[in-house]
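As the structure is a prediction and not an experimental result, all values here were calculated from the model.
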Amino acid sequence: MKAVRVHEYHVDPSIDDIPEPKLAGPLDVIVKIGGAGVCRTDLHILEGQWAEAMNPELPYVIGHENAGWVHEVGEGVTNVAVGDTVILHPQPSCGLCLACRAGRDMQCENAFFPGLSNNDGGMAEYLRTTARACVKLNPDTNPADVAALADAGITAYHAVRKAVPSLYPGTTAVVQGAGGLGHIGIQALAALTATRIVVVDRNPDALALAKQIGADETVQADGNHVEAVKDLTGGKGADVVFDFVAEQGAENDAWQMTAPAGSQYIIGYGGELRIPTLDFVAGEKNIIGNIVGTYNDLAELMVLAQAGKVTLHTKQYPLDAALDALHDLDAGQVRGRAILVP
């Protein structure tokens, strides 16, 4: 099969012909990929940012946002069958450790992470995962239309889901960054809360899309955006700020836009947040980190997606054009999410 593989860091991956994956255990599932999302994390992988944390053996196949059709199942699999349309939780979990028992899939002690850890991902024609990672979809679902919900979607939804108790009517939520994750977060906020949604982005096209999908107010990130948010909130800032950027100073802007007793949810990464401890004490502000989400988050998100309440804005590329997709994403030329289709 064809697959996009990283051979060394700081250079482009290559499209190689490699053997198809094989079942390795009774709960394994082989999925024929119908769509694989291209994520900024993939760019970070190529830069070597995840090498120390995940320590994969090179070369390996990237791609952690995957959907498709069940191609083969292990002898112990009962929840899906060959031919089923599925979207895949990005991190298969064991189901037996304490974290799994509590529903915290991302903290599983025995998980693997196709496309990031030492396991091949889904920028390929086939992928090996497990039964626990499969969310069964309506059979008429096009996997390419939903694949990026497996990571970008679940990550944005997970953050919004945690913040719901703080976003009652009369509150304000800021979404900083209306790109691949942020545009899903906006829709999740509109579907789950009655908060006023203010979107901050430097790109006018992204702000125009934000208005179409649920934003009440938009603010261009032009250097005066912190003050603009303060003006929209009577000087106090937002009750919750979702920072989908969190680099190049945006992480500090998000802190300044957060109201006293408010919460800054950090979803993007790459920057460094430096805050005097007195600001925590005097402002009683919270900072909350987010890493992907739970299986239930993904299942709930797919209910919203199949009801038309969350829609992915995508640009599709054939698998052979994976480098074009990665370069376009790096250059900021993708509105919404790039999807590879084998």
Please give me the minimum heavy-atom distance between [X] and [Y], naming the atom from each residue.
X	Y	result
Ala299	Val135	CA-CG1, 4.4 Å
Val4	Ala322	CG2-CB, 3.6 Å
Ala250	Asp243	O-OD2, 3.7 Å
Cys100	Leu96	CB-N, 4.0 Å
His64	Pro114	CB-O, 3.6 Å
Gly180	Ala152	O-CB, 4.1 Å

Between [X] and [Y], is there a donor-acceptor pair closer than 3.5 Å when you use the side chain of the first and the backbone of the second?
X	Y	answer
Gln176	Glu251	no
Thr171	Tyr168	yes
Asn138	Asp140	no
Asn290	Ile288	yes
Asp120	Val61	yes
Asp201	Ala178	yes
Asn66	Ile33	no

Is there side-chain contact between [X] and [Y], with heavy atoms separated by less than 4.5 Å?
X	Y	result
Glu125	Glu20	no
Val38	Met123	yes
Leu116	Ile45	yes
Arg337	Cys39	yes
Asn119	Arg128	yes
Tyr157	Met302	no
Pro59	Val6	no
Arg161	Thr294	no

| query | For Thr85, what residues pass the side chain to side chain donor-acceptor pair (under 3.5 Å) criterion, not counting sequence neighbours? | reply | none
Give a yes or no on whether [X] and [Y] share a hydrophobic cluster (residues Ile, Leu, Val, Met, Phe, Trp, Tyr; joining criterion: side-chain heavy atoms under 4.5 Å apart).
X	Y	result
Val200	Tyr269	no
Val245	Val240	no
Ile197	Val219	no
Leu298	Leu137	yes
Val31	Leu27	no

| query | Does the cation-pi check pass for Arg40 over Phe244, that is, NZ or CZ under 6.0 Å from the six-membered ring centre and within 45° of its axis? | reply | no
For the [atom1] atom of [X] and the [atom2] atom of [Y], what is their distance to the nearest 0.5 Å?
X	Y	atom1	atom2	answer
Glu65	Ile154	CD	CD1	10.5 Å
Leu88	Thr129	CG	OG1	5.0 Å
Ile287	Leu273	CD1	CG	4.5 Å
His225	Arg202	NE2	CZ	10.5 Å
Leu23	Asp28	CG	CG	6.0 Å
Ser263	Glu284	OG	CD	11.0 Å

With salt bridge (charged side-chain N to carboxylate O under 4.0 Å, His left out) as the rule and sequence neighbours excluded, what pairs involving [range] come up?
range	answer
residues 4-17	Lys2-Asp17, Arg5-Asp16
residues 102-111	Asp105-Arg132
residues 210-226	none
residues 66-84	Asp84-Lys136

| task | Step by step, work out the side-chain contact (heavy atoms from CB on, under 4.5 Å) result for Val70 and Val29. | result | CA-CA 7 Å; Val70 175; Val29 176; 4.0 Å; yes
| query | Going by atom types only, do His158 and Asp297 share a side-chain donor-acceptor pair under 3.5 Å? | reply | yes
| field | Tyr60 and Ser117: side chain donor to acceptor below 3.5 Å | value | no
Any residue meeting ring-ring contact (aromatic ring centres under 6.0 Å, His included) with [X], in chain and number order, not counting sequence neighbours:
X	answer
His7	none
Phe242	Tyr265
Trp255	Phe280

| field | side-chain contact (heavy atoms from CB on, under 4.5 Å) between Thr195 and Asp239, intermediate numbers included | value | CA-CA 9 Å; Thr195 193; Asp239 301 280; 5.8 Å; no
| query | Under the side-chain contact (heavy atoms from CB on, under 4.5 Å) criterion, do Ile184 and His313 qualify, and how do the steps go? | reply | CA-CA 9 Å; Ile184 302 167; His313 293 255; over 6 Å; no
| Shared-cluster residues of Val341, by chain and number - hydrophobic side chains joined below 4.5 Å | Ile339
| Does Asp205 have any side chain to side chain contact (heavy atoms under 4.5 Å, CB included) partners at least two apart in sequence or in another chain, and if so, which? | Asn203, Arg335
| field | Contacts of Gln256 that satisfy side chain to side chain contact (heavy atoms under 4.5 Å, CB included) - sequence neighbours left out | value | Val226
| field | Partners meeting salt bridge (charged side-chain N to carboxylate O under 4.0 Å, His left out) with Arg274 (sequence neighbours left out) | value | Glu272
| request: Might you confirm whether atom NZ of Lys162 has over 12 heavy atoms from other residues, nucleotides or ligands at distances under 6.0 Å? | output: yes
| message | Ring-plane angle category for His71 and Tyr126, please: parallel below 30°, perpendicular beyond 60°, tilted otherwise. | response | tilted
